[in-house]
Student: 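The structure's right below; bear with me while I get my questions together.
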Amino acid sequence: MLPTTNLSTDIGLSADGMNRLYHYIQTWIDEGQAPGAAVGIARNGCLLSPKGFGRMGLAADAAPLPPDAVFLTASITKPVSCAAVALLIERGLFTLSTPVASILPAFGQHGKDQVTVHHLMTHTSGLPDMIPENIAYRQRHAPLDEFIARIYTLDLLFEPGTNISYQSTGIAILGEIVRQITDKPLPVFLDEEIFEPLGMNNSSLGNHCIDVDRVALIEVPDAQLGESWNWNEAYWRGFGAPWGGMFATVADINSFTQMFLHNGLLGETRIFQPETITSTITDQTSSMGLIKAEVREKQSWGLGWRLNNPPTSFGVHTSPSLRTFGHHGATGTMVWADPETGLSCAVFTTKPSFCESDALRQCSDMVMEALICK
């Protein structure tokens with residue numbers, strides 16, 4: 001858990017600059033653009049007290065959203081799941097080049113025998129993003145095991161290592177690797193090895209370890225309205241999708257990213273060795289020569305982390321540095337961390353259409369513009 005300050009100048013951010021950011025986010029609420037939001041910013045191991053905006057629910061009379069509200073982070077889950085795999089690699093249990101089928105033999109069907117752990121962690125495996133029956137499985141409240149079994153039978157879209165194609169199914173398989181190797185479900189492994197040691201007491205893969213009354217309701221898209229599997233319903237909240245089922249506060253996710261910025265260490269708690277951190281936040285895809293140059297120029301990936309290349313990945317005009325790593329989430333969430341400045345920033349909303357939007361990325365601009373010392 002990070003120590004907290006109420007003064008933005010303690011972490012090198014101007015008070016005026018932060019007030020502009022808070023005013024900007026408040027306009028989302030006042031103009032009906034988003035029901036609720038929270039922002040948390042940390043630097044050099046210290047957290048600026050988070051701010052909450054708007055409402056916990058969707059009704060006009062819903063309770064105010066507090067700074068420690070819990071959000072469904074959606075795909076921000078992906079680098080957290082990848083971190084669990086990186087920890088097992090650090091412990092020598094397998095390597096990035098290990099074929100997935102050598103750990104999960106059933107995965108090797110339909111030409112997937114050449115897919116490695118590295119391919120899964122960099123979105124270069126050739127797997128599709130979701131199984132074809134994704135909605136049908138959710139409609140009948142299928143358990144994760146059934147999704148995994150279906151992924152085993154999938155064909156690849158391309159030869160591993162020859163393209164970049166975002167794939168939630170690959171992250172699901174990484175979660176199954178953790179379960180197979182450790183004999184613990186991924187949510188339990190994350191609790192024991194990452195969340196609890198870091199004091200991330202309001203974080204959980206699935207809602208098994210959190211107070212559900214503190215979870216902000218999402219303004220779900222039309223396709224989910226009235227569905228028993230939508231993001232606000234018990235089925236999905238409890239599902240624990242390795243690719244998108246993590247709950248967290250903005251304070252907790254800053255603890256996680258600040259640990260990465262400090263070479264695997266938060267306070268006196270070490271989670272990773274420095275060399276593991278370096279590999280996860282280093283560009284893994286730009287040097288993959290079998291991938292077309294025009295593809296590599298449009299997105300760069302570490303191990304689970306999206307990198308700020310092109311430099312508008314997390315900002316619009318005043319982006320954090322090119323070394324910045326982070327992720328967006330389909331529920332309207334964003335987190336990034338910049339090794340050049342020591343800054344980390346999380347903006348969580350309950351507005352899915354904000355995902356990867358200028359609205360969110362302008363928050364990054366304002367944080368960088370508030371920086372008064374490096």
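Keep in mind that this is a model prediction, so the values were computed, not measured.
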Student: Is the backbone of Gln299 close enough, under 3.5 Å, to the side chain of Arg306 for a donor and an acceptor to pair up by distance?
Tutor: no
Student: Please report the shortest heavy-atom distance between Pro50 and Val250, naming the atom on each side.
Tutor: CB-CG2, 3.7 Å
Student: Restricting to non-hydrogen atoms, name the atom on Gln258 and the atom on Asn44 that form the minimum distance, rounded to 0.1 Å.
Tutor: OE1-N, 3.5 Å
Student: Is the Phe71 ring parallel, tilted or perpendicular to the Phe348 ring (thresholds 30°, 60°)?
Tutor: perpendicular
Student: Tell me the closest heavy-atom pair linking Asn202 and Arg214, and the distance in Å.
Tutor: OD1-NH1, 2.6 Å
Student: More than 12 heavy atoms of other residues, nucleotides or ligands under 6.0 Å from CG of Asp183: is that the case?
Tutor: no
Student: Would a distance-only check, ignoring hydrogens and angles, find a side-chain to backbone donor-acceptor pair under 3.5 Å from Thr350 to Gly36?
Tutor: yes
Student: So which atom in Pro221 and which in Trp231 form the shortest heavy-atom distance, rounded to 0.1 Å?
Tutor: CD-CZ3, 3.7 Å
Student: Hey, does the side chain of Asp10 reach the backbone of Thr5 with a donor-acceptor pair shorter than 3.5 angstrom?
Tutor: no
Student: Give the minimum heavy-atom separation between Ile151 and Ile131, together with the two atoms involved.
Tutor: CG1-CG2, 3.7 Å
Student: Report yes or no: is the cationic atom of Lys112 (NZ for Lys, CZ for Arg) closer than 6.0 Å to the six-membered ring centre of Phe107, at no more than 45° off its axis?
Tutor: yes
Student: Between Leu156 and Val115, is there a side-chain heavy-atom distance shorter than 4.5 Å?
Tutor: yes
Student: Measure the shortest side-chain to side-chain distance between Thr324 and Ser319 over non-hydrogen atoms and say whether it is less than 4.5 angstrom.
Tutor: no
Student: Under 4.5 Å between any side-chain heavy atoms of Pro35 and Leu217, yes or no?
Tutor: no
Student: Do Cys82 and Thr280 come close enough that some side-chain heavy atom pair is under 4.5 Å?
Tutor: no
Student: Can you give each donor-acceptor pair under 3.5 Å made by side-chain atoms of residues 84-99, sequence neighbours left out, with the distance rounded to 0.1 Å?
Tutor:
from, atom 1, to, atom 2, distance (Å)
Glu90, OE1, Gln273, N, 2.8
Glu90, OE1, Thr276, OG1, 2.5
Arg91, NH2, Glu193, OE1, 2.8
Thr95, OG1, Ser97, N, 3.3
Thr95, OG1, Ser97, OG, 3.1
Thr95, OG1, Thr98, N, 3.3
Thr95, OG1, Thr98, OG1, 3.1
Thr98, OG1, Thr95, N, 2.9
Thr98, OG1, Thr95, O, 3.2

Student: Using the six-membered ring wherever Trp is involved, compare the ring planes of Phe272 and Phe260 and label them parallel, tilted or perpendicular (cut-offs 30° and 60°).
Tutor: tilted
Student: Please examine the side chains of Ile218 and Gln224, heavy atoms only from C-beta on, and report whether any two atoms are closer than 4.5 Å.
Tutor: no
Student: Look at the side chain of Thr349 and the backbone N and O of Gly332, then say whether any donor-acceptor pair between them is shorter than 3.5 Å.
Tutor: yes
Student: Contact between Val367 and Ser364 at the side-chain level, heavy atoms closer than 4.5 Å - yes or no?
Tutor: no
Student: Would Tyr24 and Gln362 count as a side chain to side chain donor-acceptor pair (under 3.5 Å) here? Give the steps.
Tutor: CA-CA 9 Å; Tyr24 171 66; Gln362 283 172 1; 2.8 Å; yes
Student: Does NZ or CZ of Arg237 come closer than 6.0 Å to the centre of the six-membered ring of Phe239, within 45° of the ring's axis?
Tutor: no
Student: Please report the shortest heavy-atom distance between Ser8 and Leu13, naming the atom on each side.
Tutor: OG-O, 2.8 Å
Student: For residues Val117 and Leu174, determine if any side-chain heavy atom of one lies less than 4.5 Å from a side-chain heavy atom of the other.
Tutor: yes
Student: Are the side chain of Lys298 and the backbone N or O of Val295 linked by a donor-acceptor pair below 3.5 Å?
Tutor: no
Student: If only atom types and distance count, is the side chain of Lys78 paired as donor or acceptor with the main-chain N or O of Trp243 below 3.5 Å?
Tutor: yes
Student: Short question: side chain of Asp365, backbone of Val316 - any donor-acceptor pair under 3.5 Å?
Tutor: yes
Student: When you compare the side chain of Pro132 with that of Leu154, does any pair of heavy atoms fall below 4.5 Å?
Tutor: yes
Student: I'd like to know if the side chain of Asn230 and the backbone of Leu225 have a donor-acceptor N/O pair within less than 3.5 Å.
Tutor: no
Student: For Ser75 and His327: C-alpha separation, side-chain torsions, deciding distance, then whether side chain to side chain donor-acceptor pair (under 3.5 Å) applies.
Tutor: CA-CA 7 Å; Ser75 285; His327 218 286; 5.2 Å; no
Student: Is the backbone of Leu47 close enough, under 3.5 Å, to the side chain of Asn254 for a donor and an acceptor to pair up by distance?
Tutor: no
Student: Are there over 12 heavy-atom neighbours, none belonging to His208, within less than 6.0 Å of that residue's NE2?
Tutor: yes
Student: Would His110 and Tyr152 count as a close aromatic pair, with their ring centres under 6.0 Å?
Tutor: no
Student: Please indicate whether Glu192 has more than 12 foreign heavy atoms, meaning atoms of other residues, nucleotides or ligands, lying under 6.0 Å from its CD.
Tutor: yes
Student: Whether the side chain of His119 engages the backbone of Thr124 through a donor-acceptor N/O pair (distance < 3.5 Å, no angle test) should be reported.
Tutor: no
Student: Should the pair Phe256 and Trp305 be assigned to parallel (<30°), tilted (30 to 60°) or perpendicular (>60°) ring geometry?
Tutor: tilted
